[in-house]
There are 2 protein chains.
Amino acid sequence: MDETRLRLLNAAGPIFAERGYRATTVREISQEAGTNLAAISYHFEDKEGFYIAAVKHAAQGCMDRVPLPQWGAAVSAEEKLLGFVTTFLNRVAVDHDPAWHGQLLMREMVLPTRACAEFVRDYVRPMHGMLLGVLCELMPKSSEKERWLTALSIVGQCLHHRVGQAVMIELTGETAVAAFGVKKLAEHITSFSLAAIEHATKLRSSKSKLAAPGTNRRVDRPARKRGSR
Amino acid sequence: MDETRLRLLNAAGPIFAERGYRATTVREISQEAGTNLAAISYHFEDKEGFYIAAVKHAAQGCMDRVPLPQWGAAVSAEEKLLGFVTTFLNRVAVDHDPAWHGQLLMREMVLPTRACAEFVRDYVRPMHGMLLGVLCELMPKSSEKERWLTALSIVGQCLHHRVGQAVMIELTGETAVAAFGVKKLAEHITSFSLAAIEHATKLRSSKSKLAAPGTNRRVDRPARKRGSR
DNA sequence: GAGTCTATCAAACGTTTGTTTGAAATCAAA
DNA sequence: TTTGATTTCAAACAAACGTTTGATAGACTC
């Protein structure tokens with residue numbers, strides 16, 4: 001039956017997410033799913049194939065649950081960025097009902113397996129494309145590299161609320177998501193990033209209009225060099 | 001001898017970092033270290049204790065290699081932030097000689113084991129304190145929560161260059177560290193964050209001087225609400 | 001140099017693991 | 001009902017793993 005296959009996939013997600021691939025036993029999953037041990041080898045080629053199927057299943061469930069926003073023509077780029085950040089946080093950071101989606105996907109990021117390539121193709125790339133689209137609107141005269149760096153800054157801020165969770169709890173006793181809520185966090189990240197984007201835009205235009213150096217001298221390139229070696 | 005213990009620890013780091021705890025076998029490490037298999041059980045209580053010792057060893061090596069900067073009284077807060085970001089990137093993101101330091105520590109962050117508490121105490125907390133100190137200089141009239149959010153944004157940007165490495169390569173073919181270099185990345189993150197901080201400071205002062213609403217109306221709170229459920 | 005403590009080693013142990021096996025059960029079509 | 005394919009099941013298998021063992025060699029004290 002196809003139902004057994006689905007029960008296995010649904011049981012696998014949370015367990016793989018919590019324990020990781022190696023520490024998870026197929027016995028544990030089959031028991032949780034209420035199926036026979038051999039069902040995994042029967043419905044999937046082996047444990048690794050099963051794991052990959054489970055990751056894809058989780059990514060699909062995550063995308064279904066928190067779909068990418070769709071905007072009309074009247075929506076400003078700033079609103080789009082807030083929508084993107086909110087979606088991002090809801091997908092990876094928030095511990096709502098299926099807390100394990102983000103956990104599992106993060107595991108794939110940190111210790112990539114064979115599932116990583118498909119994960120990037122189906123899950124990461126669409127979000128990446130959407131963010132770059134918004135950034136094209138926000139920074140129309142920017143170079144591709146500038147947008148790349150900006151995208152990294154925005155994604156890093158979002159992702160940190162999943163990646164840094166354990167350390168945050170150890171460090172301050174609670175996560176920022178719990179303390180502020182997704183809405184507040186999304187607004188912070190959005191306004192933080194918009195301010196930086198706007199500053200860079202101003203800097204660029206003032207630099208292109210008057211080629212004279214020395215104006216608008218800020219701290220962008222301090223003197224000190226530190227750290228390596 | 002104490003030399004065997006050291007050889008084991010040095011051999012353990014890269015292997016644990018690459019394969020993860022469960023997928024690493026003590027046989028592999030002992031072979032790489034050129035010691036007998038039983039040496040691990042002899043010098044450490046068991047595999048987990050050995051792993052924890054390896055993590056601590058890696059953290060110590062990382063701190064020795066890239067120490068926290070020390071500033072004189074004349075150094076501006078902006079320079080300090082750049083110094084902090086550079087140190088951070090050099091510690092975790094850069095793939096210099098011992099590429100595995102950051103890798104191993106990141107794993108402890110994302111998938112914490114028993115070593116996490118000590119790791120936070122010895123490694124994370126000093127950096128956290130240093131960053132908050134710099135932020136106190138940069139945003140003297142800010143609330144504690146504002147500084148917390150800002151610190152999260154900065155740390156998230158830095159950490160992403162380690163956490164997101166595998167996905168970056170899958171997505172764009174190369175890491176940002178390889179494409180831009182640490183110096184450029186540190187400058188970007190610093191100026192990005194400074195612009196956001198400055199914007200927030202302006203906003204705060206204009207809000208406190210004239211209590212009249214409606215001025216300085218920006219996009220900080222767009223209308224749309226999206227994502228959850 | 002005998003005695004004692006420490007360190008190293010090859011070998012083996014017991015457990016857990018993913019996977020396979022062959023029989024039983026279920027279901028659909030003829 | 002019979003036939004044949006598909007799915008489930010308990011049991012067993014072989015390999016890999018962390019750990020232990022008992023012997024051996026070295027270092028040091030008296």
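Quick note on labels: first sequence line is chain A, next is B, and so on, each numbered from 1.
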Between B/Lys47 (NZ) and D/dA16 (C1'), how many Å, whole number? 11 Å
Distance test, side-chain N/O of B/Asn36 to OP1/OP2 of C/dA10, below 4.0 Å: yes
Output the rounded distance in Å from NE2 (A/His43) to C1' (C/dG18). 17 Å
Find out whether A/Thr35 and A/Arg7 are in side-chain contact, i.e. whether some heavy atom of one side chain is under 4.5 Å from a heavy atom of the other. yes
How close or far is atom C1' of C/dT8 from atom CD of B/Glu3, stated in whole angstroms? 13 Å
Give one of base, sugar-phosphate or nothing for A/Ile40, where a contact means two heavy atoms less than 4.0 Å apart. nothing
OP1 or OP2 of C/dG18 versus the side-chain N and O atoms of A/Ser41: is any pair under 4.0 Å? no
Whole-Å distance separating the CG atom of B/Leu8 from the P atom of C/dA7: 13 Å
Taking the six-membered ring for Trp, are B/Trp148 and A/Phe180 closer than 6.0 Å centroid to centroid? yes
Starting at atom OH of B/Tyr42, determine the distance to atom P of D/dT24, rounded to an integer number of angstrom. 18 Å
Side chains of A/Lys47 and A/Tyr21: does their closest heavy-atom pair fall under 4.5 Å? yes
Roughly how many Å is it from CG in A/Leu37 to P in C/dT20, rounded to a whole number? 11 Å
Answer yes or no: are there more than 12 heavy-atom neighbours, outside B/Glu48 itself, under 6.0 Å from its atom CD? yes
Of A/Arg22 and A/Thr35, the one whose nearest nucleotide on DNA chain D sits closer to the 5' end is A/Thr35
Using a strict 4.0 Å threshold on nitrogen-to-oxygen distance, state whether A/Glu28 and A/Arg19 make a salt bridge. yes
Should A/Thr4 be listed as having a side-chain N or O under 4.0 Å from OP1 or OP2 of D/dT8? yes
What's the CZ-P distance between B/Arg27 and D/dA15, to the nearest Å? 15 Å
What is the nucleic acid contact for B/Ala38, judged by heavy atoms within less than 4.0 Å: base, sugar-phosphate only, or nothing? base
Once you round it to whole Å, what is the distance between C1' of C/dT19 and CD of A/Glu45? 13 Å
What contact category does B/Ser30 fall into here, base, sugar-phosphate, or nothing, at under 4.0 angstrom with non-hydrogen atoms? nothing
